[in-house]
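Remarks on the structure that follows.
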Amino acid sequence: MAGSAEDGAGSAPTGSEESVPLQLERLILDSERQYTPFQAARAAGVPMELASRFWRAMGFADIGQSRALTDADVIALRRLAGLVEAGLLSEPMAIQVARSTGQTTARLAEWQIDTFLEHLTSGVEPGLTRAEVAYPLVELLLPELEQFLVYVWRRQLAAVTGRVVQAAEDEDMQSGRLAVGFADLVGFTRLSRRLEEEELGELVENFEISCADIVAGRGGRLVKTLGDEILYVSEDAGTAAEIGLALVETLGKDDSMPALRVGMAFGTVTTRMGDVFGTTVNLASRLTSIAPKDAVLVDGEMAAALEREGAVPPAAAAGHPGVPPGAADALSAVASVGISAGDRAPAERVPADDGPTGAEHEPSYRFALQPMWRRPVRGLGLVEPWLLTRRPGPV
């Protein structure tokens with residue numbers, strides 16, 4: 001095998017006409033190429049059609065009848081097909097398992113190799129090619145990355161399993177009701193035209209890292225990142241609201257970061273392959289697109305959920321009798337012009353008016369809501385957004 005003692009530990013095999021990519025493949029897979037797809041399917045006892053569907057679902061191109069598969073491929077195929085034969089998975093579910101695993105790990109592998117090889121081979125010694133340095137690096141990193149991947153996967157599996165079990169006792173979770181939040185960098189397209197590629201990459205990376213830390217640290221779940229935008233969910237509205245405001249407040253302190261806008265909605269959500277879909281997700285996205293700079297907008301369902309959780313004063317989400325005349329118009333005007341970079345962290349500057357009895361409220365309410373001007377949203381009808389702010393603490 002490549003990298004064995006007789007080849008010289010920590011260096012690529014020499015005296016071979018085999019290309020470096022093939023040497024790396026053999027090192028990583030720990031197995032020789034020896035089967036065509038037909039031979040692998042037959043060795044696994046699986047119909048060729050099903051084997052091809054599994055292969056494509058994992059994200060790999062058809063390879064005809066090239067002798068490119070290994071014992072590891074046969075074992076994996078046999079195991080997945082065995083789950084179907086045992087009745088633990090239906091065939092469509094098995095295909096879905098292959099697809100979700102392939103998509104997730106493809107992105108992870110791409111990121112890891114780009115990151116490690118870019119940084120670790122940037123100072124290659126004179127006379128050595130990047131390919132020659134890559135082999136010993138992969139040889140050293142492979143067992144450590146593999147163990148860490150398994151550890152993180154088990155940790156995530158434990159967390160998800162706990163949420164699923166808890167859902168059996170939670171009415172909102174049983175019905176698939178979640179708080180969905182989008183956070184979007186303002187003017188990113190224009191900014192991307194001005195920045196160098198390296199600067200743009202650093203900005204996106206800092207944005208994703210900051211958002212991931214805030215979402216995870218406050219108990220939400222980061223569903224995906226889309227360069228200048230993130231999507232997160234939470235089982236309760238208060239957690240989602242805290243995350244949204246923390247994103248605006250934290251990123252607003254970074255002068256290198258563009259302004260941020262956040263939109264949130266609460267309602268029924270369809271989850272599939274780790275992603276979320278449905279009208280609630282679409283509404284959160286639309287609210288993000290109309291939110292003022294460095295501000296958070298929520299829909300009526302989210303406002304009502306915050307009230308049920310005791311996170312906002314009762315009058316805020318129902319009938320809003322305490323809102324003075326013209327408040328909605330004034331806030332709508334704010335939305336139309338945005339908030340300047342110098343006026344960031346609006347949560348500190350837009351206190352809620354709770355009406356004549358506002359001073360008598362307990363200071364336990366964490367947030368305040370103000371109604372914005374109703375507006376039609378494409379595909380969703382007439383929507384009334386609410387401006388979410390943080391209530392000032394007791395003086």
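Nothing here was measured: the structure is a model prediction, and the numbers come from that model.
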### Task
Taking Ser100 for its side chain and Val97 for its backbone only, find out whether a donor-acceptor pair lies under 3.5 Å.
yes

### Message
Using modelled atom types and a 3.5 Å cut-off, is there a donor and acceptor pairing between side-chain atoms of Asp228 and backbone atoms of Thr189?
### Response
no

### Query
Do Leu260 and Phe207 come close enough that some side-chain heavy atom pair is under 4.5 Å?
yes

### Query
Do you know which two heavy atoms are closest between Ala51 and Leu77, and how far apart they sit?
CB-CD2, 3.7 Å

#### Entry: Glu110, CD: over 12 other non-hydrogen atoms inside 6.0 angstrom
no

### Summary
Note: Met264 and Ala240 closest approach over all heavy atoms is SD-O, 3.2 Å

### Task
Answer whether the closest heavy-atom distance between the side chains of Leu388 and Leu306 falls below 4.5 Å.
yes

### Message
If I take atom CD from residue Glu202 and atom CD from residue Glu197, how far apart are they, to the nearest 0.5 angstrom?
### Response
12.5 Å

### Message
Within this structure, what is the OG-CG distance for the pair Ser31 and Leu69, rounded to the nearest 0.5 Å?
### Response
10.0 Å

### Task
Dump the intermediate steps for salt bridge (charged side-chain N to carboxylate O under 4.0 Å, His left out) on Lys224 and Asp275, then the final yes or no.
CA-CA 8 Å; Lys224 58 186 174 184; Asp275 207 343; 3.0 Å; yes

### Query
If we only count heavy atoms from C-beta on, is the Gln34 to Thr70 side-chain gap below 4.5 Å?
no

### Query
If you take all heavy atoms of Ala295 and Leu387, which pair is closest and at what distance?
CB-CD1, 3.9 Å

## Note on the structure
What one should report as the nearest heavy-atom pair of Glu309 and Gly238 is OE1-N, 2.8 Å

### Ser234 side chain vs Gly220 backbone, donor-acceptor pair below 3.5 Å
no

### Message
Hydrophobic clusters here meaning ILVMFWY residues chained together by side-chain heavy-atom distances under 4.5 Å, can you tell me if Leu283 and Ile290 are in one?
### Response
yes

### Task
Identify whether Leu297 and Val383 are in the same connected component of the hydrophobic contact network (ILVMFWY, side-chain heavy atoms under 4.5 Å).
yes

### Query
Would you call Tyr365 and Val312 a side-chain contact if the rule is heavy atoms closer than 4.5 Å?
no

### Task
Report whether Leu247 and Leu185 are members of the same hydrophobic cluster (ILVMFWY, side-chain heavy atoms less than 4.5 Å apart, transitive linking).
yes

### Minimum-distance pair of heavy atoms, taken over all atoms of Leu80 and Ala98
CD2-CB, 4.1 Å

### Query
Rounded to the nearest 0.5 Å, how far apart are CG of Leu50 and CH2 of Trp55?
14.5 Å

### Message
For residues Met93 and Ile95: do they belong to one hydrophobic cluster (side chain heavy atoms under 4.5 Å, members Ile, Leu, Val, Met, Phe, Trp, Tyr)?
### Response
yes

### Query
Could you state the interatomic distance from CG (Leu251) to OG (Ser256), rounded to the nearest 0.5 Å?
9.5 Å

### Query
Hey, what do you get for CD1 (Ile230) to CG (Leu222), rounding to the nearest 0.5 Å?
5.5 Å

### Message
Under 3.5 Å, is there a donor on one side chain and an acceptor on the other for Asn282 and Thr279?
### Response
no

### Summary
Taken to the nearest 0.5 Å, the spacing of Gln23 CD from Glu139 CD works out to 11.0 Å

#### Entry: Tyr35 side chain near Ser66 side chain, heavy-atom distance below 4.5 Å
no

### Query
Can you check whether Leu27 reaches Tyr135 side chain to side chain, under 4.5 Å on heavy atoms?
yes

### Task
List the steps, then state whether salt bridge (charged side-chain N to carboxylate O under 4.0 Å, His left out) holds for Arg177 with Glu301.
CA-CA 11 Å; Arg177 290 170 63 80; Glu301 287 293 325; 3.4 Å; yes

### Summary
Exactly one of Thr225, Ile214, Val215 clears side chain to side chain contact (heavy atoms under 4.5 Å, CB included) with Tyr232, and that residue is Val215

### Thr288 side chain reached by Val262 side chain, heavy atoms, under 4.5 Å
no

### CA sep, side-chain torsions, deciding dist, call: Glu199, Arg194, salt bridge (charged side-chain N to carboxylate O under 4.0 Å, His left out)
CA-CA 10 Å; Glu199 293 176 314; Arg194 300 201 317 264; over 6 Å; no

### Query
Does the pair Glu249 and Arg390 meet the rule for a side chain to side chain contact (heavy atoms under 4.5 Å, CB included), with working shown?
CA-CA 10 Å; Glu249 293 161 356; Arg390 193 185 299 282; 2.9 Å; yes

### Pairwise side-chain contact, Leu178 with Thr268, heavy-atom cut-off 4.5 Å (strictly under)
no

### Message
Can you tell me if Phe38 has over 12 outside heavy atoms packed within less than 6.0 Å of its CZ?
### Response
no

### Query
So Met58 and Arg99, side chain to side chain contact (heavy atoms under 4.5 Å, CB included) or not? Walk me through it.
CA-CA 5 Å; Met58 287 188 291; Arg99 180 173 292 110; over 6 Å; no

### Query
Any ion pair linking Arg56 and Asp62 (charged N to carboxylate O, less than 4.0 Å)?
yes

### Query
Thr239 side chain to Glu235 main-chain N or O, any donor-acceptor pair under 3.5 Å?
no

### Shortest non-hydrogen contact between Phe54 and Ala94, atoms and distance
CE2-CB, 3.8 Å

#### Entry: Linked, directly or transitively: Val204 and Met257 (ILVMFWY side chains, under 4.5 Å)
yes

#### Entry: SB check Glu25 Arg33 (cutoff 4.0 Å)
yes

